[in-house]
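Worksheet: the structure to be examined is printed underneath.
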Number of protein chains: 2
Amino acid sequence: MNMFNMADKTFLTKRQLEVFVRRERGETLAEIARALGTTRSNVCAIERAARKNIERAYRTVRLVESLLYESVIIISPGTDLYDIPGLIYRRADELGIKVRMSGPMLLRFIVEQCAERLRNREVLREISVAIDSDGNVSIL
Amino acid sequence: MNMFNMADKTFLTKRQLEVFVRRERGETLAEIARALGTTRSNVCAIERAARKNIERAYRTVRLVESLLYESVIIISPGTDLYDIPGLIYRRADELGIKVRMSGPMLLRFIVEQCAERLRNREVLREISVAIDSDGNVSIL
DNA sequence: ATTTTGTTGAATGAATATGTTTAACATGGC
DNA sequence: GCCATGTTAAACATATTCATTCAACAAAAT
């Protein structure tokens, strides 16, 4: 049991919450380390973990909302990599959304995120791309 | 490595996302189990885990926003009185909050509320200023 | 120049999470 | 009754996270 994170309500540990709040108040790593009886580097690590979890929570919420409220584009195996930006722009146009990425940026993004689903220019496994109403593109 | 959750972006594993999306589309446990090569009860468990993670992500976001949006600014001894409005505006900007007081109004407000913590232009004892999400400023 | 402050990487033990199987149970439709 | 559907609990192996320490480094403040 983790007696510190009562009830699994959030993704922040009691320790992470304590450090996060104190840091937001402007306390220094050394002050917090003294108060919690540990080291600066440990407090630093805990803060890093807290912010990572917060970022992940935001991304999770955005992902779920994009699934529930926005558009998902399914890119089938066999599609040519270079056709993907066009597919995304076309769908965005249909929805009246301006994509916040240029064509080349989109290409690089896809390659980065889906390297293992591509071979040269060919899509091997289905790729699901979400566009939210702000024009943010994400891979599901 | 968890080959299922590319890149630690969210709190949903690939499996959880797949099950969640299919369920949202109305697919039945048995259908999904067949498609993923496993059992109904397993799909059920995965869906439960997915929804638990989503709920936790929402709670995390709400917790963090409640911490950030009712923000407390600590003004340390030694601060120049005339720097205080700037500190408050900067923090408000970071939070995307518009302060409902002009600079001179803020100054007069501070002087009125904290006379005994000031000597001429210098802050003698720490002052805690709160801004709420409506931009209202108060001394704690 | 020294101290404070924040960061990073590696390593570690303990705690949690994940996906899985199997067996059982409840409900509603036909 | 029979079947499809959804749920639950126990148990398990593997994977991941958490807090921690220690050593080292860079930047900023004193």
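In the text below, chain A, chain B and the rest are named by the order of the sequence lines, each starting its count at 1. Only heavy atoms go into these numbers, but all of them, side chains included; no hydrogens, no water, no symmetry mates.
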Exercise. Listed by chain and number, what are the side-chain contact (heavy atoms from CB on, under 4.5 Å) partners of V123(B), not counting sequence neighbours?
Worked result: I75(B), T79(B), I84(B), L118(B), I127(B)

For this session: From the options dT18(C), dT17(D), dT5(D), select the nucleotide whose nearest atom is closest to the side chain of A30(B).
Result: dT5(D)

For this session: Using a strict 4.0 Å threshold on nitrogen-to-oxygen distance, state whether R22(B) and E18(B) make a salt bridge.
Result: yes

Problem set entry | Results of side-chain contact (heavy atoms from CB on, under 4.5 Å) for D93(A) - residues two or more places apart only | none

For this session: Report the distance from atom NZ of K14(A) to atom C1' of dT20(D), rounded to the nearest whole Å.
Result: 19 Å

Exercise. Whole-Å distance between dA4(D) C1' and E27(B) CD?
Worked result: 16 Å

Seminar exercise, completed: Residues passing the side-chain contact (heavy atoms from CB on, under 4.5 Å) test with Y89(A), sequence neighbours excluded, are P85(A), V99(A), L106(A)

Exercise. What is the distance, rounded to the nearest whole Å, between atom CG of L29(B) and atom C1' of dT5(D)?
Worked result: 7 Å

For this session: Let me know the distance between CZ of R22(A) and P of dG6(C), rounded to the nearest Å.
Result: 14 Å

Problem set entry | Which residues share a salt bridge (Lys or Arg N to Asp or Glu O under 4.0 Å) with R23(A), sequence neighbours left out | E47(A)

Problem set entry | Length of the CD1-P vector between I32(A) and dA19(D), whole Å | 14 Å

Problem set entry | Integer-rounded Å distance: dG6(C) C1' and R23(A) CZ | 7 Å

Seminar exercise, completed: Taking dG6(C), dC18(D), dT8(D) as options, the one with an atom nearest any side-chain atom of Q16(A) is dC18(D)

For this session: Send over the distance from R48(B) CZ to dT7(D) C1', rounded to a whole Å.
Result: 7 Å

Seminar exercise, completed: Contact string for nucleotides 20-30 of chain C, one letter per nucleotide 5' to 3', B = base within protein heavy-atom range under 4.0 Å, S = sugar-phosphate only, - = neither, reads BBBB-------

For this session: Send over the distance from L17(B) CG to dG19(C) C1', rounded to a whole Å.
Result: 16 Å

Exercise. Which residue, E47(A) or A49(B), contacts DNA chain C at a nucleotide closer to its 5' end, judged by nearest heavy atom?
Worked result: E47(A)

Exercise. For the side chain of T28(A), counting heavy atoms from C-beta on, which of dT5(D), dT5(C), dA17(C) is nearest?
Worked result: dT5(C)

Exercise. For N53(A) and dC18(D), is the shortest distance between a side-chain N/O and OP1 or OP2 below 4.0 Å?
Worked result: yes

For this session: State, to 0.1 Å, how close A49(A) and Q16(A) come at their nearest heavy-atom pair, and which atoms those are.
Result: CB-NE2, 3.6 Å

Exercise. Can you list the other members of the hydrophobic cluster that holds V19(B), where links are side-chain heavy atoms under 4.5 angstrom apart?
Worked result: L29(B), I32(B), L36(B), V43(B), I46(B)

